[in-house]
Amino acid sequence: MKPAINRLKRAQGQLNAVIRMLEEGSDCRAVVTQLSAASKAIDRAGFSIIATGLEKCLESDDPTVDRAEMEKLFLSLA
């Protein structure tokens with residue numbers, strides 16, 4: 001989970017930068033670049049979290065684990 005947490009913290013910083021840039025009237029290309037970077041960081045963290053969850057669920061013998069539900073969660077990020 002540490003890599004996912006690091007990515008989310010990076011995204012948080014990027015979002016703060018986007019807000020600041022908007023408040024300061026920065027160039028829209030720079031704003032969009034930062035927003036895109038934040039979005040990618042969030043997406044990658046989400047994929048990492050879901051993939052880890054899928055892996056753990058598939059390894060467990062827990063009968064309550066719904067593989068289809070986990071796959072649906074994974075695909076919801078796409």
Side-chain angles (χ1 to χ4, degrees):
M1 283 294 125
K2 183 113 175 121
I5 291 169
N6 289 339
R7 280 192 177 119
L8 290 172
K9 286 181 180 181
R10 187 176 315 123
Q12 183 179 30
Q14 290 165 326
L15 287 174
N16 287 333
V18 168
I19 292 167
R20 187 183 69 252
M21 293 168 78
L22 289 171
E23 291 172 344
E24 295 172 355
S26 295
D27 177 63
C28 68
R29 281 178 251 172
V31 172
V32 171
T33 299
Q34 281 296 322
L35 193 55
S36 176
S39 178
K40 287 178 185 176
I42 291 169
D43 287 346
R44 288 176 189 229
F47 284 125
S48 175
I49 291 166
I50 297 296
T52 300
L54 271 174
E55 185 178 312
K56 287 182 180 181
C57 288
L58 295 175
E59 290 175 352
S60 81
D61 292 330
D62 186 352
T64 64
V65 172
D66 185 355
R67 180 182 176 137
E69 183 179 341
M70 291 301 294
E71 288 175 359
K72 185 177 176 182
L73 282 172
F74 186 81
L75 292 173
S76 74
L77 294 173

Show me, pair by pair, the donor-acceptor contacts under 3.5 angstrom made by side chains of residues 26-33, not counting sequence neighbours?
| from | atom 1 | to | atom 2 | distance (Å) |
| --- | --- | --- | --- | --- |
| S26 | OG | M21 | O | 3.3 |
| D27 | OD2 | R29 | N | 3.2 |
| D27 | OD2 | A30 | N | 3.4 |
| T33 | OG1 | R29 | O | 2.8 |

Quiz: residues 9-17 side-chain donor-acceptor pairs under 3.5 angstrom, not counting sequence neighbours:
| from | atom 1 | to | atom 2 | distance (Å) |
| --- | --- | --- | --- | --- |
| Q14 | OE1 | A38 | N | 3.4 |
| N16 | ND2 | Q12 | O | 3.4 |

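If you chain together hydrophobic residues whose side chains sit under 4.5 Å apart, I42 and V18 fall into the same group.
Note that the CD1 atom of I5 and the CD1 atom of I49 stand 8.0 Å from one another [nearest 0.5 Å]. Between atom CD of residue Q34 and atom CG of residue L22 there is a gap of 11.0 Å, rounded to the nearest 0.5 Å.
For D43, the side-chain contact (heavy atoms from CB on, under 4.5 Å) criterion is met by S39, F47, not counting sequence neighbours.
Taking every heavy atom of both residues into account, S48 and R7 meet most closely at CB-NH1, 4.4 Å.
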